[in-house]
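In the text below, chain A, chain B and the rest are named by the order of the sequence lines, each starting its count at 1. As the structure is a prediction and not an experimental result, all values here were calculated from the model.
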Amino acid sequence: MMKSKEGAVVLEQQTGMGLRRVSFDQIKCKVRQYFKQLMPYGMVLPAMAILGLFVLYPIFYMIYLSFFKWNLIGSKAFVGLHNFIRLFSDKAFWEVLGNSFQYMFFTVFFAIVLAIILAVYLKRETKANKLLQSILFTPHIVSLISITFVWMWLMDSNYGFLNYLLSILGLPAMGWLTDSNTALYSLILISVWKSIGYNTLILISAMQAVPKYLYEAASLDNATKWTSFFKITLPMISPTLFFLTLMNMIAAFKVFEPVKIMTQGGPMNATNTLVYDIYQYGFTFYKIGYASALGVVLMIIIGICTILYFAGLSHRVHYR
Amino acid sequence: MKKAISILLAAVITFSMTACSDTKKTAENVTDNSQHIAENTNAAESEPQGDEVTEIDFWYSWTDTIEENNLNLTKQFNETVGKEMGIKVNAEYQGTYADLSQKLQAAYVSGTVPAVTVMDLGYITTFADNGVFEPLTPYIERDAVNMDDYYESLLENCKVDGTYYALPYLRSTPVLYLNATLLKEAGLDPSGPKTWDDLAAYCKTIKEKTGTYGLTMYSDEWLFDAFLLQSNASILNEANNTSNINTPESKETLRFFKELIEDGDVACHAGSDSNQIQIDFMSQNAAMFSVSSAYISYVIGLAEQSGFEVNIAPMPMNDTYGVAAGGCNLIMTSSISEKEKEAAWTFIKWMTETDQAAYASAYTGYVPTRKSAVETDTIQKLYAETPQFEIALNQLKAYGSKYPMVNGYTEAADIVVSVLDAVWVNGAEIESTTADAETQINELLQETN
């Protein structure tokens, strides 16, 4: 209000004559309009500031650091693309990248496919199903760290419960986390177990939202259950499926806690994933520049995955 | 337009996701530090004397007897010398040596370093080279500290390029822990194997007679270095610039234990699974294991509860005897005020004095760092009652080697662990594994130095 009054004073002086009431109202109106336009920016400013400070700034700083050799405590030395050249010529890096993709592929594949099967089974609203749903959902609520410790005990090669079960069945003990051939799959198992409940719950609600009349129409046409699943259910839940796949993919690429706690990237690099590698180079080996270069690679990979996904699959996703 | 928006959206999600994982970790450190600052300021406010008392922080690693020792000594200092000179030391637990170093790195960047901290030998060079640590030579010369009183091999790991950056604190050598009860049951001499051949024979007999493993171990670079020293080699060469992992001695060592492991006489756990050796030994699933002498009092205590007798033996010899010194030194950071530096030096000096060195050794099993400490009643009485405590010291005096303090050794050690994981745990072929590791370590050492 103060502003609008001042505005009126300025205008009065300019014309040199007394102003009529109408123009004052016009100004008031304009200011209000101006205010209205600025308002949304003001509202998002705090969020944007936080995003800028904690997301955008670190990203650009990481890109900047990837051109330096630095141990975080000494002085930086500019090395150009050296970090990237070393990275791409390093055998271990390709192993790590392979692990990350393998981990992502299997985690997402099983977490989604099994969740669809479970969702189809659990979508009818009975009391037993509701109980099962909550049981299935619990791993999602429990902290990943505690889950990891529990599984570590289960998978212990000498005193673990899983090997105890195997011995009862007369099968040889497995080095769940200590054998380089199985360690990554053990981690995948845990990740699938943890994410399946959440995925199932989301898919159930998506399936329940599919209009009943579509199924009625299909049954009038003598469609089999398979046909109605593939022609009605799957297309109708595809937006949800698409969302879940994307989220699971990104989560799988970011995997860190189980690796850090259970295997520390071993044995023989078998479970070393990109994020753990970044951590290791940055904070154990004090090679911030190299770690940043790895970070840039991770960012680009996730970026490409996401963009390809949106661009390639978006037109196939059924939107209601 | 819609497509553009969706791509933009994708990009935003991507960036926020990747950045998340990075910031989360640094955030952890930051909150740790800010909490720690908050605690300090609170403590300072509640202190009525204000200016007169200089408060400094002291970081330490590990729990159990080692932690008790650190806390007891700090308390004793605060009540005696500290009270006199107006110094108050706050001891703070920081996890393992690796955790502590990570936190120190972050603390240095954010300007909240502790005045004094214990420091694993492997990290000293990197920090000292970058000016994080205060050179102690001027202080040592000013106060005429009798450096000859320290064991020579311990001092080697306190110097970087001839300058002292640390004083020896909790130092140890690996020793062999034996389940004497099991050994007697298998009809073996409970004083333990003297040579590698003895060791192999012991393992085979124990397996045959009692069904348990003879020896349990994990892929540990420190133990492997000891094995190599016993075979007239070491992980790195004298000049610390090339790796000896692909030498005949190294391959022979790998083969010797690989055969025992494959026969089921020795258990070897992955490098990430180090706890297993304690479990194996305590549940009497293995008759021998080798770790730092720091655990002597802890292990003896636990074994008493489980109802078996423990013996400590020196590491057996192959071509010769050999162990690498380990443990931590005390260091002072450089980015603190002059007043704090004086306080820190007073604390470090006091902590490493004869009586305190004797106390720490007797309380934990770490070696007495000073010759005069061995003469004290505390140590003499201890050695008379439990001669096992003397073994680590004797090893150190006779043939203790210095720990390789060179930039990039942490990473090299990681490569060694993966070689051990490959050969001992996963049964990989020795020749190609060591050849690969040699190239990797040499490249790495060349690049970081």
Close side-chain approach of Tyr159(A) and Gln276(B), heavy atoms under 4.5 Å: yes
Side chain / backbone / both / neither for Asn407(B) at chain A, heavy atoms under 4.5 Å: neither
Heavy-atom closest contact (Gln102(B) atom, Tyr286(A) atom, distance): N-OH, 4.2 Å
Proximity breakdown for Tyr281(A) and chain B, heavy-atom pairs closer than 4.5 Å: side chain
Heavy atoms from other residues, nucleotides or ligands near OH of Tyr164(A) exceed 12 (cutoff 6.0 Å): no
Side chain Asn130(B), main chain Ile73(A), donor-acceptor under 3.5 Å: no
Enclosure of Gln102(A) CD (heavy-atom neighbours >12, cutoff 6.0 Å): yes
More than 12 heavy atoms of other groups within 6.0 Å of Tyr41(A) OH: no
Residue pair Val109(B) / Leu72(A), side-chain heavy-atom distance below 4.5 Å: yes
Under 4.5 Å from a heavy atom of chain A, the part of Ala422(B) involved: both
Part of Leu444(B) within contact of chain A (heavy atom distance under 4.5 Å): side chain
From Thr410(B) atom OG1 to Gln280(A) atom CD, the distance as rounded to the nearest 0.5 Å: 10.5 Å
Part of Met262(A) lying under 4.5 Å from any heavy atom of chain B: backbone
Region of Ile279(B) in contact with chain A, defined by heavy-atom distances below 4.5 Å: both
Atom group of Glu447(B) that falls short of 4.5 Å from chain A, counting heavy atoms: both
Check: Asn426(B) and Pro267(A) side chains under 4.5 Å, non-hydrogen atoms: yes
Among Asp156(A), Ile261(A), Asp90(A), residue most engaged with chain B (heavy-atom pairs, under 4.5 Å): Asp156(A)
Heavy-atom proximity to chain A below 4.5 Å, by part of Asp280(B): both
Under 4.5 Å from any heavy atom of chain A - which part of Thr126(B): both
Contact origin within Phe127(B) toward chain A - heavy atom pairs under 4.5 Å: both
Side chain / backbone / both / neither for Ser101(B) at chain A, heavy atoms under 4.5 Å: both
Note, Met268(A) side chain near Thr433(B) side chain (heavy atom, < 4.5 Å): no
Verdict with supporting geometry, Asp273(B) and Ser157(A), side chain to side chain contact (heavy atoms under 4.5 Å, CB included): CA-CA 10 Å; Asp273(B) 224 5; Ser157(A) 48; 4.2 Å; yes
